**Q** 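Below you'll find the structure I mean.
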Amino acid sequence: MIDEAVIELINRELDNDLSESEQTELDKILAKSESARHYRANLKSLDTLMAKQPAVAMPDGLHETIIGSIRLTDRPVSKPAIIARRNWTRVAGYGLATAAGLLLAVGLFRFSPDMGLGQTDQMTGTMAPRNDNPVLLGDYFVETDKLSSSVSLERRGAELLLQVDLDSQVPTELSVNFSGSNLLVKAVTQVDDNLKLTQSPNRVSVSGQGRHGFTVFLDRGDDTVNTMDQAIALEYSSNGRLIREAELIVRDE
Amino acid sequence: MHKDRDKELVEECKKGDRQAMDRLVRQYEHAVYNAAYRVLGNPDDAADVTQTAFVRAFQNIDQFNPQFRFFSWIYRIAVNESINQIKRRKITEPVADTQAARGPGVDDIVASGQLSDEVQTVLMTLQESHRAVIVLRHFSDCSYKEIAEILRIPEKTVKSRLFSARQKMKNQLEELGILPA
């Protein structure tokens with residue numbers, strides 16, 4: 001058994017952090033202790049092993065993707081490029097679904113902050129406020145054989161929005177729980193009537209199959225809650241079986 | 001690490017100079033990608049995190065504190081983003097899937113003969129905060145002071161996490177027969 005202090009000295013020696021006197025002290029210990037020498041040899045082997053690990057090559061085109069995502073003069077920057085790189089066809093599909101939803105909607109509805117919940121309950125169409133650059137506060141993606149979904153929390157001007165895309169080949173339920181954050185549900189819009197939706201101030205649940213997109217308008221509740229530790233809980237399930245559970249961490253602005 | 005040149009490039013970026021931005025990205029993208037890869041263990045996630053880290057860094061370039069080094073700042077964003085990524089993707093899946101997500105078993109590791117995979121597999125068993133310290137020290141070659149600056153933790157904490165993480169890695173690699181017991 002080696003003394004903790006000796007273990008620390010050996011570790012610090014490996015990191016070139018010892019003073020001259022500490023090195024002398026360690027050398028004396030090593031001269032006397034077989035177990036200390038053994039520990040030191042093994043630690044050096046670990047260091048050598050990690051040093052031999054080859055650098056991982058960056059994927060082709062990543063530099064261009066990064067450069068293309070950065071705007072220096074028109075900040076803040078939205079993040080759709082990441083989704084786009086993952087799956088162009090799927091994103092194009094979302095676009096088509098949204099366009100179809102817009103055509104089906106009675107007319108484009110422009111959300112007004114003054115509107116009460118009673119009025120917003122009946123809204124259809126995609127109704128993210130326009131003209132404000134979105135600031136991404138958190139996002140989550142899931143992609144399995146039968147389910148593809150993205151959830152992003154954005155601030156657009158004074159509005160806080162949760163944008164949800166759900167594409168499932170099997171009946172799927174998504175439950176979004178805001179209890180772990182200071183956010184409260186103000187209103188929810190949906191693209192079509194095939195998506196069954198229930199809502200309360202702390203939760204939105206949807207169930208359906210196929211491709212859907214909707215927006216949750218949110219209010220900030222208790223401002224005393226530490227914004228660094230906020231999370232929105234997401235649960236995807238199918239026929240009562242949990243498929244995926246995740247937390248969308250709300251980034252500090 | 002190119003401290004003064006980086007400062008100049010950051011100032012140029014604040015004025016909207018895309019060439020300066022391109023040079024800063026080129027300077028650190030490989031290192032950031034590799035650090036993210038080692039923390040996340042997945043090339044796609046590492047690419048996402050690298051992109052997000054640079055986007056966020058330049059999105060907030062006006063808030064960059066010149067007292068810190070640019071590389072500390074971008075590493076900090078990347079490591080935090082990597083840890084967030086792990087939390088966001090925390091999965092509760094059926095047992096079979098969970099086992100698959102853990103990677104190969106001990107026998108598979110030994111049989112595969114791929115040392116790189118083995119080291120990464122053992123690395124992935126460490127808790128995120130310990131993994132981040134190991135990655136910054138051993139794969140990004142940062143000093144205690146730099147790690148403390150990147151993670152905003154005291155140097156004392158860096159050392160205790162690093163020594164403890166090394167011990168865990170050493171024990172596991174010894175059990176696997178990769179390091180002598």
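Note that this is a predicted model, so its numbers are computed, not measured. Labels below follow one simple rule: chain letters A, B, ... track the order of the sequence lines, proteins then strands, and each chain is numbered from 1.
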**Q** Of the backbone (N, CA, C, O) and the side chain (C-beta and beyond), which part of B:I134 lies under 4.5 Å from a heavy atom of chain A, both, or neither?
**A** side chain
**Q** Using a cut-off of under 4.5 Å for heavy-atom pairs, which of B:M169, B:H30, B:K159, B:R137 has the most such pairs with chain A?
**A** B:R137
**Q** Flag the one option from A:D17, A:D47, A:I7 with the top tally of heavy-atom pairs under 4.5 Å to chain B.
**A** A:D17
**Q** CD1 of A:I67 to CZ of B:R18: how many Å apart, nearest 0.5 Å?
**A** 6.5 Å
**Q** Would you say that more than 12 heavy atoms from the other residues, nucleotides or ligands in this model lie under 6.0 Å from the CZ of B:R23, or not?
**A** no
**Q** By a 4.5 Å heavy-atom criterion (distance strictly below it), what part of B:R26 contacts chain A: side chain, backbone, both, or neither?
**A** both
**Q** Measure distances from B:D22 to the heavy atoms of chain A and classify the residue's part below 4.5 Å as side chain, backbone, both or neither.
**A** both
**Q** Would you give the length of the straight line joining atom CD of B:Q120 to atom CE of A:M50, rounded to the nearest 0.5 angstrom?
**A** 11.5 Å
**Q** Can you check side-chain contact (heavy atoms from CB on, under 4.5 Å) on B:V55 and A:I66, steps first, answer last?
**A** CA-CA 7 Å; B:V55 167; A:I66 293 169; 5.7 Å; no
**Q** Compute whether any side-chain donor of one residue and acceptor of the other, for B:Q51 and A:T65, lie under 3.5 angstrom apart.
**A** no
**Q** Would you check if B:Y33 and A:P59 make a side-chain contact, meaning some heavy-atom pair closer than 4.5 Å?
**A** yes
**Q** Would you indicate whether the side-chain heavy atoms of A:N42 and B:P180 approach each other to under 4.5 Å?
**A** yes
**Q** Check each atom of A:L43 against the heavy atoms of chain B and say whether the ones under 4.5 Å are side chain, backbone, both or neither.
**A** both
**Q** Distance check, rounded to the nearest 0.5 Å: B:S143 atom OG versus A:D15 atom CG?
**A** 9.5 Å
**Q** Quick check for you: to the nearest 0.5 Å, what is the distance between B:R166 atom CZ and A:L46 atom CG?
**A** 7.5 Å
**Q** Give me the atom names and distance for the closest heavy-atom approach of A:L62 to B:A47.
**A** CD1-O, 3.9 Å
**Q** Name the region of A:E235, side chain, backbone, both or neither, that has any atom closer than 4.5 Å to a heavy atom of chain B.
**A** neither
**Q** So how far is it from A:H63 NE2 to B:T50 OG1, rounded to the nearest 0.5 Å?
**A** 13.0 Å
**Q** Below 4.5 Å, heavy-atom pairs only: which of A:N16, A:L14, A:L234 has the largest tally toward chain B?
**A** A:L14
**Q** With only heavy atoms counted, which part of B:F163 is less than 4.5 Å from chain A, the side chain, the backbone, both or neither?
**A** both
**Q** Any side-chain heavy-atom pair from B:L162 and A:N11 closer than 4.5 angstrom?
**A** no
**Q** Relative to chain B, which segment of A:A57 carries a heavy atom at a distance below 4.5 Å: side chain, backbone, both, or neither?
**A** backbone
**Q** Tell me, side chain or backbone of A:A51 under 4.5 Å from chain B's heavy atoms, or both, or neither?
**A** neither
**Q** Please round to the nearest 0.5 Å and tell me the distance separating atom CZ of B:R56 and atom CD1 of A:I70.
**A** 13.5 Å
